[in-house]
J.: 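Supplied in structure tokens, the structure appears directly below.
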Amino acid sequence: MKRTNYCGLFSEKDVGGEACACGWVETKRDMGGVIFIDLVDREGTLQVVFNPMLTDKATFALAERVRNQSVLLTRGIIALRDEETINPKIATGTVELRVREAELLSPCDDLPFNPADADDVNEELRLRYRFLDLRRPILRNNIRFRHRIVSSIRRFMDEQGFVDVETPMLTKSTPEGARDYLVPSRVHPGSFYALPQSPQIFKQLLMVSGFDRYYQIARCFRDEDLRADRQPEFTQLDLEMSFVEQEDVLLLLEELFSYLMQDVMNITLKRPFRRLAWQEAMDTYGSDKPDLRFGLPIVDITSYASTSSFTVFKKAAEEGGVVRAITVPGKADFTRATIEHLTEFAISQGAGGMAWIAWRPDGEVYSILSKFISQENMDELLRLVGAKPGDFVLFSADKLNVSRRVTGALRLKLGDMLALRDSSKYAFCMITDCPMFEYREEDRRWVAQHHPFTMPYEEDFPYLLSDPARVRSQSYDVVLNGTELGSGSIRIHRSDIQKKVFEALGLEEDEINSRFGFLLNAFRYGAPPHGGFAFGLDRLVMLLAGEDSLRDVIAFPKIRDASCLLTDAPSLVDPAQLAVLGIQLEKGSDAAQTIDKTSSSPKRKTPVFNLAELEAQTRLSLTQDEERLVHHRLTQLIDLAENMQTVDTEGVPMTISPSDEKGVYLTPETIPGASRDQLLFNTAETRDGFIVVPPVVE
RNA sequence: GGCGCAGUAGUUCAGUUGGUUAGAAUGCCAGCCUGUCACGCUGGAGGUCGUGGGUUCGAGUCCCAUCUGCGUCGCCA
């Protein structure tokens, strides 16, 4: 084919030279006597010109009828454009290919949509024709940007001495956490593999094996409902290090993200990254993944409130709750409608109501609170929340958890309203000292907030069983712009502590052994202290590419119900496939009925036998006509057998012959024999007029 | 599973208090055009208004149900 360069990479250096360019027809401008085509490939656009003076007749005719998005090969001379015909909009705008001959490599059918002009096309349609969608530069650039991030990560990890190790996809179900995707085993009917939710256990085993530093860009699977930022299969950068403490891992992460941001975004991050203890994040930002691109910190005024004459505040403080405030600088001019809107929003988040103060620039204090508290107390309150004239202050008085949620949500809402969430800013931070356990009301037991292999702080060991709530874990999250990128922890490498944690989680000995026995067992043979981290690659790419949906950074994403519009997966399978796995569909389920219908219908599309295989097995070679006939007969037989199955034979009396005749003979009849050639006509192989019989044992 | 939004030509959309033959742009087809670059000009084809019911003399428009897609809550150690 001898393509000389990508369309988008031709330049003035090529002028005068013979060139061959291949690509997709993006637009065609047919002037009658001269035709311009914008030929496009992954690197950009090149104008190719068809002019009867230079182009041969057949090629010109081809250019006249070629349609958009067809694939074209063009040969000719790269020429400099006249000054007044230069196109500054494309990189190759000063040159053009003057075509001598061209070849239509692949014509394009009627398009469901034109990828050259499809930024607003319905996403469902685009996903059905994802291969066309991926021709759109924005999507192609996202996927290539993703590639650059991945290569950058690999380069960094390699430089840091990490070893890339693949871990199994067919693995063991670990019921803690999200729902697993299960894969039935054919060899062990009734047993199932699980697709990994993460390579967690394997990477810890690799540490026991002495690999010291492991990483993997690993596919993970979680069978939970989708969101814009959540796909059922997703990719993580997974890493683990031996002989490290929390600080070592955090420094490495800081290094990694700084390297990445420099390399792919050309942004130098400020170091060290901001670090917040979990409790601090929850109290100051109302979130364990605070958006630090803007201020608006939450201020606690509970001790002030306990002495307040405003009953709502006083009551909240007295009943063990908290009173918190957010000061919005310069927004004393919020309209009543805005304040009403904020109040409704707070209530939707679980608040009982929302007190507020608008401190006018002229010093007037406008608030319902004025009725309940003295001027003196008001001054004190305004001082505590750090307000100045012209500021707006809003309050939350509630139980701790409710107040954290409400103030956190309000803070983000204000950030959006005031356009403080600047998309060109990248605020990384690290959250440490998370609680080890979380009480789950519906299960009435403690569950691990991170995962059960996380090492608690040594000074909290004594409370593991007596007071799980106060146990903090050596775990950490990396947060970017209010999104949790990933999390990690120092792991437990001693089986005695691990057992205690399992105990705190209420796991029985048997259960522990069947689920994690192999890990605990491994720890008995010399396990180094170790810790690691994992973060969602898709999410990082999404954030850095400025997209709102993971679907825009994954080549072939799934939709909301976890199906794939392109391939139509998941789909029903042949009953025979299920039978091999020993799986029976629930009687009366939609799937079972659909399969029943398709399999008993004579119009079934996929035959349950493979004729070619049968031919090979029986060593018959059939003509096309015979093949058709055999196929038809076999299908009839199978249908007959299937229909017989559906016949209700219950209670049918035994058939009794009324005839006494026995030993009825057929009259012998001589039919002229076939010739030898006729007899041998269908044999697979003949030699010297005999059938070749292959040896029984081959 | 709950709540919200959307579905009209191949595509993107308009369509008034329910009222004649449902429009535009773009794409497609045919014709013209030798320097365009979102080329231009002339003409043409293209619609079960997601689907099914209902109200009405009359439904794209109102009501009910349903399907599909998106967002969100539940869920996601």
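What you are looking at is a predicted structure, and each value in this text was computed from that prediction instead of being measured. Each chain gets a letter, A, B and so on, in the order its sequence line appears, and its residues count up from 1.
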J.: When you check the phosphate oxygens OP1 and OP2 of B/A38, does a side-chain N or O of A/Lys89 lie under 4.0 Å from one of them?
T.: yes
J.: What is the minimum heavy-atom distance between A/Ser475 and A/Gln246, and which atoms define it?
T.: N-OE1, 3.9 Å
J.: Can you tell me if A/Arg29 touches the phosphate of B/C39, counting only side-chain N or O atoms and a distance under 4.0 Å to OP1 or OP2?
T.: yes
J.: Taking donor-acceptor contacts at under 3.5 Å, does the side chain of A/Glu224 reach the base of B/G74?
T.: no
J.: Where does RNA chain B pair, written as one dot-bracket string 5' to 3', with Watson-Crick or G-U pairs under 3.5 Å, ( ) inside the strand, [ ] for crossing pairs and | for another strand?
T.: (((((((..((((.....[...)))).(((((.......))))).....(((((..]....))))))))))))....
J.: Do the side-chain N or O atoms of A/Ser549 get closer than 4.0 angstrom to the phosphate oxygens (OP1, OP2) of B/C70?
T.: no
J.: When only distance counts, do a donor and an acceptor, one from the side chain of A/Asp225 and one from the base of B/G74, lie under 3.5 Å apart?
T.: yes
J.: If only side-chain N and O atoms count, and only distance matters, is there a donor-acceptor pair under 3.5 Å linking A/Asp291 with A/Tyr285?
T.: no
J.: Between A/Lys172 and A/Arg515, which heavy-atom pair has the shortest distance, and what is it?
T.: CE-O, 3.9 Å
J.: Carefully, step by step, assess A/Asn142 and A/Glu547 under the rule side-chain hydrogen bond (donor to acceptor under 3.5 Å, both in side chains).
T.: CA-CA 9 Å; A/Asn142 282 351; A/Glu547 295 289 358; 2.9 Å; yes
J.: Between B/C67 and B/A24, how far apart are the two C1' atoms, rounded to whole Å?
T.: 29 Å
J.: Counting only heavy atoms not in A/Glu101 (residues, nucleotides, ligands), do more than 12 fall under 6.0 Å from its CD?
T.: yes
J.: Looking at every strand, decide which applies to A/Gln349 at a 4.0 Å heavy-atom threshold: base, sugar-phosphate, or nothing.
T.: nothing
J.: How far does the C1' atom of B/C75 sit from the matching atom of B/U56, given to the nearest Å?
T.: 46 Å
J.: Compare the aromatic ring of A/Phe36 with the six-membered base ring of B/U36 and state whether they stack according to the 5.5 Å and 30° rule.
T.: yes
J.: Does a donor on one side chain and an acceptor on the other come within less than 3.5 Å for A/Ser473 and A/Gln449?
T.: no
J.: Mind checking the C1' distance from B/U16 to B/G31? Whole angstroms is fine.
T.: 39 Å
J.: Quick one, A/Asp82 with A/Thr85, criterion side-chain hydrogen bond (donor to acceptor under 3.5 Å, both in side chains). Give me CA distance, side-chain angles, the key distance, then yes/no.
T.: CA-CA 5 Å; A/Asp82 290 339; A/Thr85 63; 5.1 Å; no
J.: What integer number of Å spans the P atoms of B/G15 and B/U8?
T.: 14 Å
J.: Would you measure the distance from the P atom in B/C70 across to the matching atom in B/G44 and give it in whole Å?
T.: 40 Å
J.: Going by the side chain to side chain contact (heavy atoms under 4.5 Å, CB included) test, name the single residue among A/Tyr215, A/Tyr214, A/Phe535, A/Phe202 that passes it with A/Asp238.
T.: A/Tyr214
J.: Is any side-chain N or O of A/Arg551 closer than 4.0 Å to OP1 or OP2 of B/G71?
T.: yes
J.: Contact class for A/Ile559 (heavy atom, under 4.0 Å): base, sugar-phosphate, or nothing?
T.: sugar-phosphate
J.: Students often get this wrong, so: under 4.0 angstrom with heavy atoms, is A/Ser198 touching a base, only sugar-phosphate, or nothing?
T.: base
J.: Taking only side-chain N and O atoms of A/Arg222, does any of them lie within less than 4.0 angstrom of OP1 or OP2 on B/A77?
T.: yes
J.: Nearest nucleotide by nearest heavy atom, which residue falls closer to the 5' end of RNA chain B, A/Asn51 or A/Arg81?
T.: A/Asn51
J.: Can you tell me how far C1' in B/G71 sits from the matching atom in B/G27, rounded to whole Å?
T.: 31 Å
J.: Ignoring hydrogens and angles, state whether a donor on the side chain of A/Asp398 or A/Ser396 is under 3.5 Å from an acceptor on the partner side chain.
T.: no
J.: At 4.0 Å (heavy atoms only), tell me whether A/Leu111 reaches a base, stays on the sugar-phosphate, or touches nothing.
T.: sugar-phosphate
J.: If you look at every strand shown and take non-hydrogen atoms under 4.0 Å, does A/Asp82 touch a base, only sugar-phosphate, or nothing?
T.: nothing
J.: Write down the distance separating the P atoms in B/G2 and B/A77, rounded off to the nearest Å.
T.: 24 Å
J.: Do A/Arg67 and B/C29 share a donor-acceptor pair, side chain to base, under 3.5 Å?
T.: no
J.: If the P atom of B/A45 is compared with that of B/G53, how far apart are they to the nearest Å?
T.: 31 Å
J.: For A/Gln47, answer base if it contacts any base atom (sugar-phosphate contacts may also be present), sugar-phosphate if it contacts only those atoms, and nothing otherwise; contact means non-hydrogen atoms under 4.0 Å.
T.: base
J.: Quick one: is B/C75 close enough that its OP1 or OP2 comes under 4.0 Å of any side-chain N or O from A/Arg230?
T.: no
